[in-house]
Number of protein chains: 2
Amino acid sequence: MASVTTDTDVADDDIRPMRADARRNYDKLIAAAREVFTERGSEGSLDEIAKRAGVGPGTLYRHFPTRDDLLDALMRDWTERVVADAEAAVSADISPRKTLEQWFTAYIGHVTLHRGAAVKLSAAMDDESSPMYRKCQTLISANEHVLDDLAGSGALRSGVEARQVMRLISGVATFADSTGIGEDEVTPMLDIVIDGILK
Amino acid sequence: MASVTTDTDVADDDIRPMRADARRNYDKLIAAAREVFTERGSEGSLDEIAKRAGVGPGTLYRHFPTRDDLLDALMRDWTERVVADAEAAVSADISPRKTLEQWFTAYIGHVTLHRGAAVKLSAAMDDESSPMYRKCQTLISANEHVLDDLAGSGALRSGVEARQVMRLISGVATFADSTGIGEDEVTPMLDIVIDGILK
DNA sequence: ACCTGAACACCGTTCAAGT
DNA sequence: ACCTGAACACCGTTCAAGT
């Protein structure tokens, strides 16, 4: 849980020194994983990933002890993009409804990295032991940021909690993910939720 | 797609004659599947199911060519219960909000047969080739029944479509399924959706 | 008509042997 | 410190041989 390598509480994903060949394999594995997960979803074969990266299966396990560690590593620059999109929705000078539509759509986009990702991330939101738990925390903050802003301008129905909204949108994302419906089919679902959120 | 055994369009799940040993194995397989799926979720081992039923793997495949066929068979008396619960919600003399709460809770209960079932059923809703497609149709009708009744008494916001509501609740169910949150955590999510549905 | 179980392919995971 | 690949266990799926 706590970092063992340092005494200060720095981020886990800083660049630790790595032997040149290790670094190369690490990068090749991530690239291969991105490919395979995109094609086959988050249950894509780890064997296949190692094969495409041109390394032995053991190398994959050395770098990523579990499948979720690999998925987590895939999301390196993910948090920045999430934060940026939340900020964009807040600072755009548009109606509360439009703000939520924009943010939720971005949210769903981020969470449906590839088939099966949405369920995994939903589960990770409530599971501290998941490697992706930290990333989900950023998503939670970003969502709170957007809702707090709307609350500030008095647009929110009383009693609406960010956590519940988050779970609802995750549910929508998971549904979209597993059925393969597109953005045009998602918007009507979001509209109902938004009606439930706004005054 | 169409039934080949009869010329009239009867239900698929009528009792066809079966040799005594076949019937016995069929029943044992269903019982074993119920066990394993409950313990391990819908991806539980088919091998394990055959083993617990005390039959060879080939026998399982003879009765249930795909995993989804097995899941479908597990839901034999499922539709009746769904229809009954929808009817109960409609005919109970309670507020529109309570009606929806009751129906949605029942809905989610039915759809979360065991871990992983909710996603499968969500996907089946939009996939005609799924063995569970027919069962989902009943769920769709039941849901329309409840919403139509509320529309009749003018309680619904204009523009609310049963299909969208259905998808939202399926999303909630899937989320609940994958995170393991209980009914008390689900209700606040439902409340927001209900605010979006009712006038 | 139905059942059995051996057989095959594929995958996750580990670990001894190498550099 | 890192990599390789053989090895093992487990699972899905098929099919020839049986009754």
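Below, chains carry the letters A, B, ... as their sequence lines are ordered, and counting in each starts from 1. Since the model is a prediction, treat every value here as computed from it, not as a measurement.
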B:D184: side-chain hydrogen bond (donor to acceptor under 3.5 Å, both in side chains) partners, not counting sequence neighbours:
none
Reckon A:H63 has a side-chain N or O less than 4.0 Å from the OP1 or OP2 of D:dC2?
no
Please give me every residue in residues 24-39 of chain A whose heavy atoms get under 4.0 Å of an atom in DNA chain D, ordered by residue number.
A:N25
By side chain to side chain contact (heavy atoms under 4.5 Å, CB included), which residues pair with A:R163, not counting sequence neighbours?
A:D126, A:R167
Could you spell out the base pairing of DNA chain C in dot-bracket, with Watson-Crick or G-U pairs whose two distances are under 3.5 Å, [ ] crossing and | to another strand?
||.|||||...|||||.||
For B:F104, all residues meeting ring pair (Phe, Tyr, Trp, His ring centres under 6.0 Å), sequence neighbours excluded
none
Name every donor-acceptor pair, under 3.5 Å, that has one atom in a side chain of residues 186-198 of chain B and the other anywhere in the protein, sequence neighbours excluded.
from, atom 1, to, atom 2, distance (Å)
B:T187, OG1, B:E183, O, 2.9
B:D195, OD1, B:R97, NH2, 2.5

The complete set of side chain to side chain donor-acceptor pair (under 3.5 Å) pairs with one or both residues in residues 150-159 of chain B, sequence neighbours excluded, reads none
Can you name the residues that form a side chain to side chain contact (heavy atoms under 4.5 Å, CB included) with B:T138, not counting sequence neighbours?
B:T79, B:V83
Mind jotting down which residue pairs meet the side chain to side chain donor-acceptor pair (under 3.5 Å) criterion with at least one end in residues 44-57 of chain A? Sequence neighbours excluded, please.
A:E35-A:R52, A:E39-A:R52, A:E48-A:R52
Between protein and nucleotides 12-19 of chain D, map the contacts as a letter string: B base, S sugar-phosphate only, - none, heavy atoms under 4.0 Å, written 5' to 3'.
SBBB----
Would you mind listing every ring pair (Phe, Tyr, Trp, His ring centres under 6.0 Å) that reaches into residues 114-149 of chain A, with sequence neighbours excluded?
A:F37-A:H114
Salt-bridge criterion met for A:D77 and A:R81 (N-O under 4.0 Å):
yes
Between C:dC11 (P) and A:L60 (CG): distance, integer Å
14 Å
Under the ring pair (Phe, Tyr, Trp, His ring centres under 6.0 Å) rule, collect the residues that match up with A:Y26, sequence neighbours excluded.
A:H63, A:F64
In whole angstroms, the gap separating P of D:dC3 from NZ of A:K51 amounts to 18 Å
Rounded to the Å, how far apart are A:R62 CZ and D:dT4 P?
11 Å
